[in-house]
K.L.:
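Structure incoming, see below.
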Amino acid sequence: MKIATFNINGIKARMNALTDWLDDANPDVAILQEIKSQDEGFPREALEDKGYNVETHGQKGFNGVAILSKLPLEDVTRGLPGAAGAGREGVDDEEARYIEATVVGDVAIRICGLYLPNGNPAPGPKYDYKLRWMDRLYTRAQELMAAEMPALMAGDYNIIPQPEDAARPADWTDDALFRPESRAAFRKIVNLGFTEAFRSCETGDGHYSFWDYQAGAWEKNNGIRIDHFLLTPQCADLLNNCWIESAVRGRERPSDHVPVWVDLAA
DNA sequence: ATGCCCTAGCACCTAGGA
């Protein structure tokens, strides 16, 4: 089973690029971020016509996540549990950044699609929100680990895990994507026992999943690796390969992110 | 030191992105 995560940066601007990619790459499951659309505005029927089951968690204008799957999707949940409560109910839930579903094939696999807050400028309230969100993700990750089932958390983490994951790490020193607290929060989740799929298959620098639109970043290969797959041990047992489809960044009207893939023996 | 560029929206500027 081939599963890709892809921050498409707006479904309205990217529908042609998305359908071209689906036709060409034929993922069994596509985990999408930044659909920038409400659920009712998402082109569900056109994707269903391509053979995909479609589940979305959108909002107007920004954010928004979705899962497309050729196999049935069950037990869909929307939103990351644990939003700020105590009279401030739902404060952290106004942003549509998280969706889960179980893909039912030979093996049932729990798929968690996430769009982690950017957090800039840091420090500040947006950075505080990012770190709180990562705390909540840690709690959900603990539950997934305790379930001892094949599960993966995939998406745009907005985290550069290590210096070799940026072409110019010095440019990111004080950025919310690379600050020590951000990287530590990511490691805290990984260290529960998750496999970071890409790094279990590939070492070294020069592997990126995002290139800014500005200043010719793609042409200079000035990228960062911020889109990740974390696998529970039961899911890591199924891992055949993980790779980044960087060529997509060179297509017509591309997203600033590219698809990251896992191939699972399932 | 700043902006470069792109998307969406009660749209011809602004907010947000990373």
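In what follows, chains carry the letters A, B, and so on, assigned in the order in which the sequence lines appear, proteins first and then strands, with residues in each chain numbered from 1.
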K.L.:
Which nucleotide in the set dA18(B), dC5(B), dG16(B) lies at the smallest distance from any side-chain heavy atom of Phe62(A)?
P.N.:
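Out of dA18(B), dC5(B), dG16(B), the nucleotide with an atom closest to Phe62(A)'s side chain is dG16(B).
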K.L.:
Is the count of non-hydrogen atoms from other residues, nucleotides or ligands lying under 6.0 Å from Glu143(A) atom CD greater than 12?
P.N.:
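Above 12, so yes.
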K.L.:
In whole Å, measure the gap between the P atoms of dG3(B) and dA8(B) for me.
P.N.:
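The answer is 23 Å between these two P atoms.
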K.L.:
dA18(B) P sits how many Å from Tyr127(A) OH, rounded?
P.N.:
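That distance rounds to 15 Å.
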K.L.:
Between dT7(B) and dC12(B), how far is it from one C1' atom to the other, in whole Å?
P.N.:
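It comes out at 15 Å once rounded to the nearest Å.
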K.L.:
Start at the 5' end of DNA chain B and walk down; is the nucleotide closest to Tyr213(A) or to Trp172(A) reached first?
P.N.:
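The 5'-side residue here is Tyr213(A).
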K.L.:
Would you please indicate if the ring centroids of His257(A) and Phe6(A) are separated by under 6.0 Å?
P.N.:
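Between Phe6(A) and His257(A), which both carry aromatic rings, the centre distance is not below 6.0 Å.
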K.L.:
Mind checking the C1' distance from dA18(B) to dC6(B)? Whole angstroms is fine.
P.N.:
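The same atom, C1', in both gives a distance of 12 Å.
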K.L.:
Which nucleotide wins on minimum distance to the side chain of Ala215(A), given the candidates dC4(B), dG9(B), dA8(B)?
P.N.:
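It is dC4(B).
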K.L.:
Can you tell me which nucleotide in dG17(B), dA18(B), dG9(B) comes closest to the side chain of Asp156(A)?
P.N.:
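Nearest to the side-chain atoms of Asp156(A), counting from C-beta on, is dA18(B).
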K.L.:
Expressed as a whole number of angstroms, how long is the span from Asn63(A):CG to dT7(B):P?
P.N.:
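Distance, rounded to whole Å: 17 Å.
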K.L.:
Quickly work out the Glu95(A) CD to dA15(B) C1' distance and round it to whole Å.
P.N.:
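In whole Å, dA15(B) C1' and Glu95(A) CD are 13 Å from each other.
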K.L.:
Does Arg253(A) put a side-chain nitrogen or oxygen below 4.0 Å from OP1 or OP2 of dC6(B)?
P.N.:
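No, because none of the side-chain N or O atoms of Arg253(A) sits under 4.0 Å from OP1 or OP2 of dC6(B).
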K.L.:
Evaluate side-chain hydrogen bond (donor to acceptor under 3.5 Å, both in side chains) for Lys2(A) paired with Asn26(A), printing each intermediate quantity in order.
P.N.:
CA-CA 8 Å; Lys2(A) 290 197 303 179; Asn26(A) 200 30; over 6 Å; no
K.L.:
Counting side-chain heavy atoms from C-beta on, which of dG17(B), dA8(B), dA18(B) comes nearest to His257(A)?
P.N.:
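So the nucleotide nearest the side chain must be dA18(B).
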K.L.:
Looking only at atom P, what distance separates dC4(B) and dT14(B), rounded to whole Å?
P.N.:
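Taking atom P in both dC4(B) and dT14(B), they lie 14 Å apart.
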K.L.:
Among Phe210(A), Tyr208(A), Trp211(A), find the residue that satisfies the ring-ring contact (aromatic ring centres under 6.0 Å, His included) test when tested with Trp218(A).
P.N.:
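Testing each of Phe210(A), Tyr208(A), Trp211(A) against Trp218(A), the sole residue satisfying ring-ring contact (aromatic ring centres under 6.0 Å, His included) is Trp211(A).
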K.L.:
So, OP1 or OP2 of dA18(B): does either fall under 4.0 Å of a side-chain N or O from Arg225(A)?
P.N.:
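Indeed not, no polar side-chain atom of Arg225(A) lies that close.
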K.L.:
Could you tell me how far dC10(B) sits from dA15(B) if I compare only their C1' atoms? Round to whole Å.
P.N.:
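Each nucleotide's C1' atom is 15 Å from the other's.
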K.L.:
For residues Phe186(A) and Tyr157(A), establish whether the separation of their ring centroids is below 6.0 Å.
P.N.:
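Here the rings of Tyr157(A) and Phe186(A) have centres that are less than 6.0 Å from each other.
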K.L.:
Looking only at side-chain atoms of Arg14(A), point me to the closest of dG17(B), dC6(B), dA18(B).
P.N.:
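Closest nucleotide among those given: dC6(B).
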K.L.:
Over all strands shown, is Ile11(A) touching base, sugar-phosphate only, or nothing at heavy-atom distances under 4.0 angstrom?
P.N.:
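Since only primed, P, OP1 and OP2 atoms lie under 4.0 Å of Ile11(A), the category is sugar-phosphate.
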K.L.:
If we only count heavy atoms from C-beta on, is the Leu239(A) to Val262(A) side-chain gap below 4.5 Å?
P.N.:
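The answer is yes; the side chains approach within 4.5 Å.
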K.L.:
Separation of Asp212(A) atom CG from dA18(B) atom C1', in whole Å?
P.N.:
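So the two atoms are 6 Å apart, to the nearest Å.
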K.L.:
Whole angstroms only, please: what is the CG-P distance between Asn222(A) and dC5(B)?
P.N.:
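Going from Asn222(A) (CG) to dC5(B) (P), I get 15 Å.
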K.L.:
When you check the phosphate oxygens OP1 and OP2 of dC10(B), does a side-chain N or O of Lys60(A) lie under 4.0 Å from one of them?
P.N.:
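It does, given that an N or O in the side chain of Lys60(A) lies less than 4.0 Å from OP1 or OP2 of dC10(B).
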K.L.:
Taking any heavy-atom pair under 4.0 Å as a contact, classify Lys126(A): base, sugar-phosphate, or nothing.
P.N.:
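The answer is sugar-phosphate, as Lys126(A) gets under 4.0 Å only of primed atoms, P, OP1 or OP2.
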K.L.:
Is the side chain of Gln234(A) donor-acceptor paired with the backbone N or O of Pro150(A) at a distance under 3.5 Å, no angle test?
P.N.:
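Looks like no, no N/O pair under 3.5 Å.
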K.L.:
Rounded to whole angstrom units, what separation is found between the NZ atom of Lys130(A) and the P atom of dG17(B)?
P.N.:
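Distance check: Lys130(A) NZ to dG17(B) P gives 10 Å.
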K.L.:
Rounded to the nearest Å, what distance is computed from the CG atom of residue Asn7(A) to the P atom of nucleotide dC6(B)?
P.N.:
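Spelled out: CG on Asn7(A) to P on dC6(B) is 16 Å.
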K.L.:
Using the side-chain heavy atoms of Gln214(A), tell me which of these nucleotides is nearest: dT7(B), dG17(B), dC4(B).
P.N.:
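The listed nucleotide nearest to Gln214(A)'s side chain is dC4(B).
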K.L.:
Categorize Asp175(A) for me: base, sugar-phosphate, or nothing, with a 4.0 angstrom heavy-atom threshold over every strand shown.
P.N.:
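Nothing, no heavy atom under 4.0 Å.
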K.L.:
Using a 4.0 Å heavy-atom cut-off across all strands, classify Arg249(A) as base, sugar-phosphate, or nothing.
P.N.:
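Since no nucleic acid heavy atom lies under 4.0 Å of Arg249(A), the category is nothing.
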K.L.:
Quick one: Phe210(A) CZ to dT7(B) P, roughly how many Å, whole number?
P.N.:
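About 13 Å, once rounded to whole Å.
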K.L.:
When we call it a touch if two heavy atoms are under 4.0 Å apart, what does Asn9(A) touch: a base, just sugar-phosphate, or nothing?
P.N.:
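Sugar-phosphate contact only - Asn9(A) comes under 4.0 Å of backbone atoms but never of a base.
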K.L.:
Would you mind classifying the nucleic acid contact of Tyr115(A) as base, sugar-phosphate or nothing, using non-hydrogen atoms under 4.0 angstrom?
P.N.:
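Sugar-phosphate: the residue Tyr115(A), judged by heavy atoms under 4.0 Å, touches backbone atoms but no base.
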